[in-house]
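In this chain, numbering begins with 1 at the start of the sequence shown. Note that this is a predicted model, so its numbers are computed, not measured.
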Amino acid sequence: MAETVVSFVSDRLATLLRQEGSLLGGLREEVELIKDELGHMKAFLKVAEAKEDDDSRLQEWIKQVRETAYDIEDVLDEFVLRFAGYRHHGFCGSLQRILKAIKSLRARHQVASEIQSIKSRIKNISEGRQRYQVEFGIDDRVAGSSTMTNSWRYSRDDALLVEEAKLVGIDQPKQHLISKLLEGHDHQLKVISVVGMAGLGKTTLVKKVHEDPDVRKNFPVRAWVTVSQTCDFPKLLRDLIWQLHKELNKSVPQFIESISTIELKEFVKDFLQQAGRYAIVFDDVWDVEFWNAIKFALPEGNYGNRAILTTRKADVASASCTESQDYVYKMEPLSIEDSWTLFRNKIFKGNRCRAHLMDVAKAVLDKCDGLPLAILAISGLLASKDVSRIDEWEIVQHSLGGELEGTGKLERVKRILSLSYNDLPSHLKPCLLYLSIYPEDYLIECRMLVLLWIAERFIEWREGMRIEDVAWGYLGELISRSLIQVTQVFYEGSPLTCRIHDLLREVILIKSREQNMVTITTGQPMTWPSEKVRRLVVHSSSNSSNIQHHQQRQFYSFKHLRSFITVSSTNPLLSKTFLCEVLRSSKLLKVLDLKGEKIAETPTEIFNLLHLTYLSLYGTKVERVPKAIGKLQHLEYLNLGNTGVRELPVEILKLQKLRHLIVVAAVDPSDDDCGYYGFKGPSKLGGLLALQTLNTIDASSGSVIVKEIGKLIQLRDLYITQLRREDGKELCSSLVNLTSLRQLSVASVGIGDDSEIIDLNHHQHFLSSSTSCSFLQSLRVLLVHGRLETMPAWITHLQNLVRIDLYWSGLRPEEDPLEFLQHLPNLGQITFCGSYQGERLCFKAGGFLKLKLLWLWKMEGLRRMTIEEGACPNLQRLILRQLPLLEDLPWGIQHLSHLQELGLYEMSSRLMEKVENQEEESEDYRRIAHIPEIVIGFYADDGKWRIRRLWGKKKKKTILA
């Protein structure tokens with residue numbers, strides 16, 4: 001973390017010297033000295049941070065470096081603020097007047113004093129660096145690994161801990177892996193990787209497989225190699241040689257102690273080629289490079305040899321399993337039933353949990369979330385308590401975070417979970433720690449998370465890449481390392497929402513506090529940390545007046561605050577005086593997120609926050625945007641979604657750095673079919689050249705605004721509402737310029753069947769130039785809400801389209817939309833709602849090869865569906881809703897061999913009877929017997945929505961409200 005902060009500040013100093021060097025005057029030399037010394041510290045920190053947990057002195061030194069770097073950033077921002085302040089107060093007539101204002105005696109004296117103070121601190125810190133460099137033997141010329149030398153011991157100890165407890169829920173995955181090991185008679189080396197987060201029991205599972213009698217019988221040559229983070233590769237090879245010789249009762253040649261690594265690998269390879277069929281486990285692999293090195297020592301042979309890996313990293317698992325016969329097994333958490341079994345086995349010797357302890361036990365198991373390591377450790381702690389006293393169990397329940405800290409009873413759990421954090425490269429550590437802003441069990445919007453990372457300046461610019469793409473890469477790496485769990489995916493498999501395991505979150509909270517990264521309050525009376533508060537996060541409180549009450553009792557100072565965020569405000573009522581105090585005293589604020597707060601107007605103090613880059617007023621009661629918005633010239637993200645704002649002032653055009661502009665609200669929050677409000681923008685909106693997201697522009701004012709859209713050539717996501725029929729041609733003309741556009745949503749004037757026609761059928765615009773071809777290639781998602789006379793012909797050229805939604809298109813029978821879409825090679829999701837007036841839809845053989853989700857809704861004339869054999873071969877979900885004339889299941893549904901779910905919502909009573917009352921020997925039953933889940937939804941006589949689920953071939957029925 002400290003290395004990341006130092007790197008960022010060092011780069012800012014370099015930029016200041018390059019761009020504003022003349023304003024520094026005689027201070028330039030001191031600033032250059034500070035920048036150079038920070039450069040030396042950065043190299044040293046890369047290695048030192050890996051050792052800080054082992055020495056409190058080194059930890060304190062790193063803390064001093066971090067806080068000094070933050071203070072340097074404060075001085076830089078204060079300097080820029082003064083410069084910007086003079087410009088805003090009318091001193092921009094000439095450069096001489098600016099220089100005269102900036103170099104005023106008082107301002108220069110203050111800046112000089114602060115820089116001299118920092119220079120003195122830097123000198124003392126530098127002396128400490130040189131001392132520790134000698135004492136710890138750290139060579140800052142060599143890039144270090146962010147690992148602890150003894151960390152691997154904890155990993156193996158915890159594997160034994162799980163083993164001793166006779167882990168439950170292991171039989172099914174064990175048999176599955178054994179079958180994968182034994183299946184096939186191929187002569188190639190087959191690799192099986194077991195991947196999952198820390199503490200799931202990967203090592204225990206593979207050990208059970210490795211020791212199984214059938215495996216021992218089929219693989220006479222076996223070995224188990226523990227790799228871990230701190231891998232001494234030559235030593236590992238010698239250990240492997242020793243095990244192989246012992247397995248075959250042979251003596252180990254003495255010369256292996258003196259030969260090179262290459263010779264050791266050749267020795268292993270020659271030995272295995274002669275030894276027979278082998279199965280070797282490589283446990284706890286952390287690095288793709290390890291596999292790239294060891295695989296050359298593993299001969300293919302003619303015996304069907306096997307290598308098994310356990311790892312926390314998805315990229316390691318996939319890199320080792322590149323051949324067709326290889327296999328990746330993703331380890332899942334224990335089910336609720338198995339979690340209870342393990343818990344009871346540890347505490348109650350398999351008997352039932354005491355009734356008066358059930359609520360506490362459930363809360364503890366919810367926290368463990370299926371992680372065997374956590375269940376065993378916490379149940380071991382509870383086993384020492386008096387089961388007749390619920391208060392002792394409640395104390396443990398509420399103090400789990402404390403038990404993870406220091407030398408608490410759960411320190412072992414902290415150690416094993418901390419290994420993954422320690423292994424992170426420096427640029428990912430602040431991104432992971434930032435997740436501490438979210439409450440327990442919070443579903444995190446991935447898009448919002450990466451945009452916050454960008455605003456916090458955690459993301460490094462990379463040449464030739466958008467910073468948003470770099471940020472998504474960071475998220476992907478954290479997911480790959482099993483530190484973030486994806487809960488919902490969007491198109492192309494990109495994560496939509498995610499979460500973190502509750503106990504991992506506790507570890508992150510501990511480290512976040514140690515780093516003074518985030519301060520969290522619920523408004524309850526608290527003592528602020530002695531360090532400067534730099535990020536303040538407000539979570540919901542059961543007493544909405546707490547913040548106001550506490551504010552009256554204590555004076556707040558947020559001079560160093562950089563971020564102020566409210567999260568999950570179920571009872572959102574920030575004291576107006578508290579909010580104003582924060583905004584008034586936080587001149588350096590960069591991130592302000594007041595999502596869901598009950599404020600009726602934008603606080604005027606916001607417009608003095610000249611460093612602000614991220615502003616969200618989503619879900620507030622704000623109805624207008626003041627002209628003062630133009631002062632926030634560093635603003636990159638502005639979210640006014642779900643507010644009363646319907647128009648933006650012309651001053652918005654001053655925000656030349658604005659990349660994401662979101663002003664959208666549902667017409668009726670309870671009914672998506674009613675459409676969305678957008679905003680009316682200034683006529684020169686095309687001047688916001690940095691815009692990448694425009695959501696949602698109201699085009700009812702006419703062709704001028706539609707034409708301006710064509711100037712926003714950086715756009716990636718474009719949402720348009722209230723489009724008039726006569727402006728369709730102008731829109732097509734503008735779209736061809738948007739060569740980076742990935743998502744396009746167009747809604748007409750009017751709602752539903754009463755909507756106006758959208759005229760997008762201007763094929764000539766899309767085939768007339770190379771730029772139009774780029775637009776056709778870039779578009780991934782197309783959403784159209786409104787009537788279409790014909791399907792736009794250019795849709796057939798969208799070779800990379802993955803999703804299309806057509807709402808209320810009302811296409812005539814002769815305009816079958818499937819004819820236009822069936823050969824799009826990447827189309828994975830289709831939603832038709834009131835889109836087609838025909839009586840029949842036919843999915844033809846060879847069409848829709850990538851389609852996974854098909855949703856057909858409110859097509860009142862549809863009587864028959866046909867799915868030819870060879871059509872939609874990868875369809876996983878088929879949802880049919882409000883198709884009143886469809887009285888039979890789709891003909892050919894039996895061909896959909898990958899179908900996982902069939903949804904039938906508000907369908908005809910005849911169709912429902914055929915599905916629910918069929919005999920198992922009937923033809924209708926055989927057509928759908930392969931579908932794992934059938935879901936029937938309907939409104940009951942009492943007006944309440946009901947869902948009936950039919951599972952498997954026996955069709956067990958359950959009714960849920």
Exercise. Check whether any side-chain heavy atom of Val507 sits under 4.5 Å from a side-chain heavy atom of Lys511, and report yes or no.
Key: yes
Quiz item: CG of Asp287 to NZ of Lys313: how many Å apart, nearest 0.5 Å?
Solution: 6.0 Å
Quiz item: Is there side-chain contact between Leu244 and Tyr278, with heavy atoms separated by less than 4.5 Å?
Solution: no
Quiz item: Within the distance-only criterion (no hydrogens, no angle test), does the side chain of Lys202 pair as donor or acceptor with the backbone N or O of Met197 below 3.5 angstrom?
Solution: yes
Self-check item: Ile192 backbone acceptor or donor facing Arg306 side chain under 3.5 Å
Solution: no
Quiz item: Would Asp369 and Arg505 pass as an ion pair if we require N to O under 4.0 Å?
Solution: no
Exercise. Locate the shortest heavy-atom distance separating Leu240 from Ala223; write the atom from each residue and the value.
Key: CD1-CB, 3.6 Å
Quiz item: What's the shortest heavy-atom distance between Gly370 and Pro372, and which atoms?
Solution: O-CD, 3.1 Å
Quiz item: Hey, what do you get for CD1 (Ile459) to NE2 (His427), rounding to the nearest 0.5 Å?
Solution: 8.5 Å
Quiz item: Do Asn218 and Leu181 come close enough that some side-chain heavy atom pair is under 4.5 Å?
Solution: no
Quiz prompt | Test log, rule side chain to side chain contact (heavy atoms under 4.5 Å, CB included), inputs Ile484 and Ile500 | solution = CA-CA 5 Å; Ile484 291 180; Ile500 50 175; 4.2 Å; yes
Quiz item: Taking atom CH2 of Trp472 and atom CZ of Arg466, what is their separation to the nearest 0.5 Å?
Solution: 10.5 Å
Practice problem: Taking Arg222 for its side chain and His210 for its backbone only, find out whether a donor-acceptor pair lies under 3.5 Å. | Solution: yes
Quiz prompt | Straight-line distance of Leu205 CG to Met331 CE, nearest 0.5 Å | solution = 4.5 Å
Quiz prompt | Spatial distance of atom CD1 (Ile308) from atom NZ (Lys190) [nearest 0.5 Å] | solution = 10.5 Å
Quiz item: Shortest non-hydrogen contact from Tyr327 to Cys321?
Solution: O-SG, 3.4 Å
Quiz item: Cys498 and Cys446: which non-hydrogen atoms are nearest, and at how many Å?
Solution: SG-SG, 3.7 Å
Quiz item: When you look at Glu183 and Lys180, which way does the side chain to side chain contact (heavy atoms under 4.5 Å, CB included) test go after all the steps?
Solution: CA-CA 5 Å; Glu183 73 179 5; Lys180 288 293 181 181; 3.4 Å; yes
Exercise. Going by the side-chain contact (heavy atoms from CB on, under 4.5 Å) test, name the single residue among Leu504, Leu334, Leu200 that passes it with Leu371.
Key: Leu200
Exercise. Using distance alone, with no hydrogens and no angle criterion, decide if Asp239 and Gln243 have a side-chain donor and acceptor under 3.5 Å apart.
Key: yes
Self-check item: Plane angle bin for Phe267 and Phe271 - parallel if under 30°, tilted between 30 and 60°, otherwise perpendicular
Solution: parallel
Self-check item: Lys429 side, atom NZ; Leu478 side, atom CG - distance, nearest 0.5 Å
Solution: 12.5 Å
Self-check item: Sub-4.5 Å side-chain heavy-atom contact between Glu460 and Val470
Solution: no
Practice problem: Please check if the side chain of Ser512 supplies one atom and the backbone of Ile508 the other of a donor-acceptor pair under 3.5 Å. | Solution: no
Practice problem: Output yes when Glu67 and Arg121 qualify as a salt bridge under the 4.0 Å nitrogen-oxygen rule, no when they do not. | Solution: no
Quiz item: Backbone N or O of Arg312 within a donor-acceptor pair of the Ser482 side chain at under 3.5 Å?
Solution: yes
Quiz item: Does the side chain of Asn305 reach to within under 4.5 Å of the side chain of Leu298, using non-hydrogen atoms?
Solution: no
Exercise. Please report the closest heavy-atom contact between Gln273 and Pro299, naming both atoms and the distance.
Key: CG-CB, 3.3 Å
Quiz item: Can you tell if the side chain of Arg238 reaches within under 4.5 Å of the side chain of Pro234, non-hydrogen atoms only?
Solution: yes
Practice problem: Report yes if the side chains of Lys265 and Phe233 come closer than 4.5 Å at any heavy-atom pair, otherwise no. | Solution: yes
Quiz item: Under 3.5 Å, is there a donor-acceptor pair between the side chain of Asp326 and the main chain of Val191?
Solution: yes
Quiz item: Only one of Leu432, Leu449, Leu428, Ile454 forms a side-chain contact (heavy atoms from CB on, under 4.5 Å) with Tyr474, so which one is it?
Solution: Leu428
Exercise. Begin with the C-alpha distance, continue with both residues' side-chain angles, and end with the deciding distance and a verdict on side chain to side chain contact (heavy atoms under 4.5 Å, CB included) for Val328 and Val195.
Key: CA-CA 7 Å; Val328 174; Val195 62; 4.0 Å; yes
Quiz item: Is Thr310 reaching over with its side chain to a backbone N or O of Val194, donor-acceptor style, under 3.5 angstrom?
Solution: no
Quiz item: Would you say Glu506 and Leu509 make side-chain contact, with heavy atoms under 4.5 Å?
Solution: yes
Exercise. Using atom types as modelled and distance alone, determine if a side-chain donor or acceptor of His501 lies under 3.5 Å from a backbone N or O of Cys368.
Key: yes
Quiz prompt | Under 3.5 Å: donor-acceptor pair, side chain of His245, backbone of Ile241 | solution = yes
Quiz prompt | Candidate pair Ile294 and Leu237, rule side chain to side chain contact (heavy atoms under 4.5 Å, CB included), full reasoning | solution = CA-CA 9 Å; Ile294 196 66; Leu237 288 172; 3.6 Å; yes
Self-check item: Donor-acceptor under 3.5 Å (Ser320 side chain, Val316 main chain)
Solution: yes
Exercise. Please report the shortest heavy-atom distance between Phe219 and Gly304, naming the atom on each side.
Key: CE2-O, 3.6 Å
